[in-house]
Amino acid sequence: MTRALLVAAATATLVISACSSDGDDDSFGSGRPTEVQPPGSSELAITPTEPETSPTGTPGESQASEPATPATSAAPIAPLREPTVSWLEIGSFDQPVDVAARAASGEIYVVEQPGRVVAVTDRSTNVVLDISDLTEARGEQGLLGLAFHPTDDLAFVNFTDDAGDTVVAEFAIDPVTGLFDRDTYREVLTIDQPYRNHNGGQLAFGPDQLLYIGVGDGGSGGDPERHALDLSSRLGKILRIDPTADGEQPFTVPPDNPFVDDIGADPAIWAFGLRNPWRFSFDPVTGDLWIGDVGQGNFEEINRSPAFERRDAARRVNFGWSAFEGFERFNGDQPTDGAVDPLFVYDHSDGRCSVTGGVVARGGAVADLAGWYLFGDYCTGQIWALDPSAPPSEPRVIEIARLDELVAITSGPAGDIYAVSNGGIVARLIEG
């Protein structure tokens with residue numbers, strides 16, 4: 001199929017920034033039609049390996065049937081008010097990559113890539129987990145994600161082990177001290193990683209209280225082993241599991257997962273066709289799933305998959321990689337059937353290189369952020385706000401701040417928005 005192209009350029013108005021602006025760029029958010037190239041074309045040459053530039057990444061032929069069209073969530077009719085923000089540093093950490101909130105305590109927890117989890121309050125910080133003996137921060141490897149069970153005193157971490165393979169592990173949490181009990185360590189899921197990059201790392205419990213796991217396509221460059229559209233592989237996917245053990249199995253496959261009855265497909269797969277879904281999140285109001293999927297050499301993309309009654313966002317959805325990069329045809333030997341368009345795409349001009357997915361702001365200290373989707377770029381540190389009420393053909397995106405080496409934008413228990421720099425800073429967005 002031919003993908004619709006985003007013709008209008010996004011607005012790149014600088015509201016406030018932590019460093020000097022590079023200026024507006026007319027190609028930001030725009031796409032140009034290109035001819036579909038045959039396999040082996042020089043314009044589609046695959047680079048065997050890629051430089052490891054950031055934790056977000058900058059590398060089978062089984063194909064699903066046409067995905068069900070998700071119902072459209074209600075969206076604001078009027079354009080959102082333009083926010084004006086700055087950021088306030090809440091602490092300095094060792095290569096932080098994420099912030100997770102634990103509703104039971106009201107605390108936020110900073111994930112440090114070398115293998116530590118640090119609880120943060122207004123008055124103190126406390127290391128609650130140290131697995132630096134199990135992982136190492138090397139390029140895109142290390143401790144990459146954290147999620148708390150919505151009802152039980154359990155935490156789940158996503159890290160790469162000494163062999164570079166993905167491990168999702170469970171720990172019990174002391175309900176009084178908040179410490180993770182190392183003695184309760186239990187491996188829930190492991191995935192062999194053929195290369196050192198594109199490990200994904202995001203963990204999130206959805207509105208259905210099941211665990212969603214973001215997994216990259218296995219690495220190198222150009223999806224060389226064609227994992228992303230191969231339904232027998234967990235690479236290049238979002239998985240959905242119940243982390244409760246099922247007999248001798250370390251987790252339970254939900255019976256309504258979309259590929260449970262498909263011969264040859266991995267039943268844990270929820271969505272596919274992703275390159276490196278480094279950061280994704282659920283809108284806490286609508287249940288829509290938002291994914292920042294790291295691009296190859298030219299384009300970065302934001303995907304939005306609407307929910308139906310706050311459920312089933314992205315169920316059986318094919319996000320197109322590696323048949324497409326952004327709106328453009330990429331690997332000509334990969335099938336295009338059922339691939340859905342990104343909501344928004346930006347290119348690599350002016351030093352941009354790797355999308356950092358974020359969150360839809362709901363509540364929090366900055367009232368004018370409400371309803372905006374916040375995301376950014378690792379290389380430039382730009383943080384943007386995207387108005388979901390604007391039509392995809394006329395995207396409304398504004399720059400609101402900058403933070404070098406931006407690797408995560410997430411929300412806390414009260415809806416406050418946090419931005420994370422792998423260089424060490426964790427900041428909270430405030431009125432400014």
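Residues take their numbers from the sequence shown, with the count starting at 1. Everything quoted here is computed from the prediction, not taken from an experiment.
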Classify the angle between the aromatic ring planes of [X] and [Y] as parallel (below 30°), tilted (30 to 60°) or perpendicular (above 60°).
{"X": "F330", "Y": "W321", "answer": "tilted"}
{"X": "Y373", "Y": "W290", "answer": "parallel"}
{"X": "Y185", "Y": "F159", "answer": "tilted"}

Among I238, I191, L203, find the one that has a side chain to side chain contact (heavy atoms under 4.5 Å, CB included) with I213.
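Only one of I238, I191, L203 forms a side chain to side chain contact (heavy atoms under 4.5 Å, CB included) with I213, namely L203.
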With sequence neighbours left out, which residue pairs that include part of residues 367-384 fulfil the salt bridge (charged side-chain N to carboxylate O under 4.0 Å, His left out) condition?
R81-D368
Any pair with a residue in residues 169-181 that passes salt bridge (charged side-chain N to carboxylate O under 4.0 Å, His left out), sequence neighbours left out, goes on the list, sorted by first then second residue, please.
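For residues 169-181: E170-R186.
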Would you check if [X] and [Y] make a side-chain contact, meaning some heavy-atom pair closer than 4.5 Å?
{"X": "W372", "Y": "D387", "answer": "yes"}
{"X": "E405", "Y": "S421", "answer": "yes"}
{"X": "L134", "Y": "V167", "answer": "no"}
{"X": "E300", "Y": "V294", "answer": "yes"}
{"X": "V188", "Y": "I241", "answer": "yes"}
{"X": "P258", "Y": "W270", "answer": "yes"}
{"X": "Q334", "Y": "D230", "answer": "no"}
{"X": "L144", "Y": "W278", "answer": "yes"}

Test salt bridge (Lys or Arg N to Asp or Glu O under 4.0 Å) applied to D223 and R275, step by step:
CA-CA 8 Å; D223 195 15; R275 185 173 180 274; over 6 Å; no
Under the salt bridge (charged side-chain N to carboxylate O under 4.0 Å, His left out) test, residues paired with R234 that sit two or more places apart
D266
Mind checking what makes salt bridge (charged side-chain N to carboxylate O under 4.0 Å, His left out) contact with D161, not counting sequence neighbours?
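Once residues adjacent in sequence are excluded, D161 has no partner under the salt bridge (charged side-chain N to carboxylate O under 4.0 Å, His left out) criterion.
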Looking at [X] and [Y], would you say the former's side chain and the latter's main chain have a donor-acceptor pair under 3.5 Å?
{"X": "R352", "Y": "Q382", "answer": "no"}
{"X": "N197", "Y": "G139", "answer": "no"}
{"X": "N422", "Y": "P96", "answer": "yes"}

Measure across L143 and V117 and return the closest heavy-atom pair with its distance rounded to 0.1 Å.
CD2-CG2, 4.0 Å
Stepwise side-chain contact (heavy atoms from CB on, under 4.5 Å) test for I90 and I108:
CA-CA 11 Å; I90 68 164; I108 64 168; 3.5 Å; yes
Could you walk me through whether N318 and D337 pass the side-chain contact (heavy atoms from CB on, under 4.5 Å) test, one step at a time?
CA-CA 9 Å; N318 171 8; D337 305 33; over 6 Å; no
Dump the intermediate steps for side-chain contact (heavy atoms from CB on, under 4.5 Å) on H348 and N298, then the final yes or no.
CA-CA 6 Å; H348 286 184; N298 295 315; 5.5 Å; no
Ring pair (Phe, Tyr, Trp, His ring centres under 6.0 Å) between Y212 and F282: does it pass, once the steps are laid out?
CA-CA 10 Å; Y212 291 74; F282 291 92; 4.9 Å; yes
Non-neighbouring partners of T244 that pass side-chain hydrogen bond (donor to acceptor under 3.5 Å, both in side chains), sequence neighbours left out
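In terms of side-chain hydrogen bond (donor to acceptor under 3.5 Å, both in side chains), with neighbours along the sequence ignored, T244 is linked to D242.
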How would you list, by chain and number, every residue that makes a side-chain hydrogen bond (donor to acceptor under 3.5 Å, both in side chains) with T166, sequence neighbours excluded?
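T166: side-chain hydrogen bond (donor to acceptor under 3.5 Å, both in side chains) contacts with Q193.
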Check the pair F324, R329 against side-chain contact (heavy atoms from CB on, under 4.5 Å), reporting the backbone distance first and the verdict last.
CA-CA 4 Å; F324 297 97; R329 192 74 164 99; 4.0 Å; yes
